[in-house]
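Shown next, in C-alpha cells, is the structure this report addresses.
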Amino acid sequence: MGAQLRVYKRRIRAVTATKKITKAMEMIAASRIVKAQRKVAASMPYATELTRAVTAVATGSNTKHALTTEVEAPVRAAVLLITSDRGLAGGYSSNAIKQAERLTERLRGEGKDVDTYIVGRKGLAYYGFRERKVAESWTGFTDSPAYGDAKRVAGPLIEAIQTDTAEGGVDELHIVYTEFVSMMTQNAVDGRMLPLSLDQAAEESGTKGEILPLFDFEPSAEDVLDALLPRYVESRIYNALLQSAASEHAARRRAMKSATDNAGDLIKSLSRLANAARQAEITQEISEIVGGASAMADATAGSDK
C-alpha cells in the first residue's frame, strides 16, 4: 500500500471515530431537551401567580419598597449573566456574553456603575481572560439547574438590592439569559428584574387591563413585600436558568448534528481520494507488469536472433 493511501485511510478512521462521538452527543442533547422543556413549563404557573401577588400588593398600597419603587437617580446596577459550563454548543455562550456587553455599555452610558455576576464557566473564563472584575460567580449546574441553585444565585443579588449604594449595594438588578423559543431558535435576551414596574408585572402575570380586587395586608404591605422579594427574584432566576439549560441543549444538539454531517461529508471526500489513489497504484502496477513483460519479450526475441 502506498504512503498516500495509508494517509487517507488513517484520516478516514480518525474522522469516523469523531463522527461516532458527535452523533452520541447529539442524541444525548436531544434527549435532555424534552426534560428541560418540561421543567420550564412546570415553573411557569408558580412564577405567574407570584407576579400576580406582587402586582396586587404594589397596586393596593403606597409602600415604597426595593421590589417596586424606582430610584430617582440610580448610580449602580447589578447584571447577572447566565452562560454554560461546557462548550460544543455553537454560539450559545458567546451570544449571551455579547448581549451582556451591550447591556453593560448601555447602563454605563446612563452613568451607572455595573457589578457583574456570572453563572457558568464560559462566562467566567471570558471575563477572567480579560481581567475584568466579577462580583460573584457560580458553576457546575448550568445543564440541569435545581431551585436550590437559583436560591444560591439569588442570595447575593437580594442582599445587594437591599444594601445602600454607599455601602456597596445596587439600585437595579438586570439579568441576561438565553430564551428558548423553539428547537431551532434560541435568543439571548436581557431584562430588568428589580425594581419591577407595574406594567411589566401585569404583562408577566397576564393581568394587564384587569381590575384587581382590594386586599388588606397583615401585618403590613411592607412586610408582605419583604416576604415576596426573595421568592420573586428566585423564581425569575430559576426560570431563566431553566430556559438557558433548554437553549444550551438545543444549541449543542444543532452543533453536534452539523459536526456529524460535516464528518460524513469529509469521509465521503476522503474515500473518493483514497479510491483514486488506489486506482492510480493499480494502474502503475499494471503498467510496470506490462512494461516488464514487454522488456522480457524484447530480450527473448533478441537472444533468438
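Predicted model, so just to flag it, every value in this text is computed and none were measured.
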Exam field: side chain T185 to backbone S182, donor-acceptor pair closer than 3.5 Å: no

Taken to the nearest 0.5 Å, the spacing of I28 CD1 from D143 CG works out to 11.5 Å

Stepwise, does the side chain to side chain contact (heavy atoms under 4.5 Å, CB included) test hold for H174 with D190? CA-CA 7 Å; H174 297 260; D190 66 81; 5.5 Å; no

Taking all heavy atoms of S43 and all of V40, pick out the closest pair and write down the distance. OG-O, 2.9 Å

With a sphere of 6.0 Å drawn around CZ of R38, does it hold more than 12 non-hydrogen atoms of other residues, nucleotides or ligands? no

Under 4.5 Å between side-chain heavy atoms, hopping through other hydrophobics if needed: is there a path connecting Y177 to L103? no

Going by atom type alone, with no hydrogens or angles, which donor-acceptor pairs under 3.5 Å involve a side-chain atom of residues 264-277 and a protein atom two or more places apart or on another chain?
residue	atom	partner	partner atom	Å
S271	OG	I267	O	2.7
N275	OD1	R278	NH1	2.8
N275	ND2	S271	O	3.2

Donor-acceptor contact below 3.5 Å, side chain R13 vs main chain T16: no

M27 atom CE, neighbour heavy-atom count above 12 within 6.0 Å: no

Which pairs with one or both residues in residues 72-87 pass side chain to side chain donor-acceptor pair (under 3.5 Å), sequence neighbours excluded? R76-D115, S84-S93, D85-T142

Search all heavy atoms of A78 against all heavy atoms of L157 and return the closest pair with its distance. CB-CD2, 4.2 Å

Is the shortest heavy-atom distance from the side chain of T178 to the side chain of I82 under 4.5 Å? no

Answer yes if M44 and L241 sit in the same cluster of Ile, Leu, Val, Met, Phe, Trp and Tyr residues linked by side chain heavy atoms under 4.5 Å apart, and no otherwise. no

Do V79 and I158 sit in one hydrophobic cluster, given that two such residues count as connected whenever their side-chain heavy atoms are within less than 4.5 Å of each other, even indirectly? no

Compare every heavy atom of V170 with every heavy atom of A77, then report the nearest pair and how far apart it is. C-CG1, 4.0 Å

Taking all heavy atoms of D171 and all of P74, pick out the closest pair and write down the distance. OD2-CA, 3.3 Å

Exceeds 12 heavy-atom contacts within 6.0 angstrom, atom CD of E105: no

Is there side-chain contact between M193 and I237, with at least one heavy-atom pair below 4.5 Å? yes

How far does NZ of K257 sit from CE of M25, to the nearest 0.5 angstrom? 16.0 Å

Side-chain contact test, heavy atoms from C-beta onward, threshold under 4.5 Å: evaluate it for L81 versus I97 and give yes or no. yes

The side-chain hydrogen bond (donor to acceptor under 3.5 Å, both in side chains) partner of R254 among E26, Q186, H249 is Q186

Would a single hydrophobic cluster contain both V233 and L80, if residues Ile, Leu, Val, Met, Phe, Trp and Tyr are joined by side-chain heavy-atom contacts under 4.5 Å? yes

All pairs passing ring pair (Phe, Tyr, Trp, His ring centres under 6.0 Å) where residues 71-107 contributes a residue, at least two apart: none

Per side-chain hydrogen bond (donor to acceptor under 3.5 Å, both in side chains), Y8 is matched among Q4, R6, R10, R11 by Q4

One pair to check against side chain to side chain contact (heavy atoms under 4.5 Å, CB included): E172 and L107. What are the steps and the verdict? CA-CA 10 Å; E172 297 176 354; L107 292 173; 4.2 Å; yes

How long is the span from the CG atom in L194 to the CD atom in Q162, to the nearest 0.5 Å? 9.5 Å

Donor-acceptor pairs under 3.5 Å, side chain of residues 123-137 to any protein atom, not counting sequence neighbours: which ones?
residue	atom	partner	partner atom	Å
Y126	OH	E101	OE2	3.1
R130	NH1	Y126	O	3.2
R132	NH1	E101	OE1	2.8
R132	NH1	E101	OE2	2.8
R132	NH2	E101	OE2	3.4

For E234, is there an ion pair with R231 - N to carboxylate O distance below 4.0 angstrom? yes

Sequence neighbours excluded, which residues qualify as ring-ring contact (aromatic ring centres under 6.0 Å, His included) partners of Y147? Y238

Approximate separation, where rounding is to 0.5 Å, of L228 CG and S235 OG: 10.0 Å

T260: side chain to side chain donor-acceptor pair (under 3.5 Å) partners, not counting sequence neighbours: T22

Say whether, by atom type as modelled, one donor and one acceptor occur between the side chain of N95 and the main chain of G91 under 3.5 angstrom. yes

So which atom in L88 and which in A255 form the shortest heavy-atom distance, rounded to 0.1 Å? O-CB, 4.1 Å

Which atom pair, heavy atoms only, marks the closest approach of Q99 to V189? CG-C, 4.0 Å

Assigning hydrophobic clusters by single linkage (Ile, Leu, Val, Met, Phe, Trp, Tyr; side-chain heavy-atom cutoff under 4.5 Å), is L173 placed with I118? no

Between N187 and E179, does any side-chain donor sit less than 3.5 Å from a side-chain acceptor? no

Between K19 and D261, is there a salt bridge with N-O shorter than 4.0 Å? no

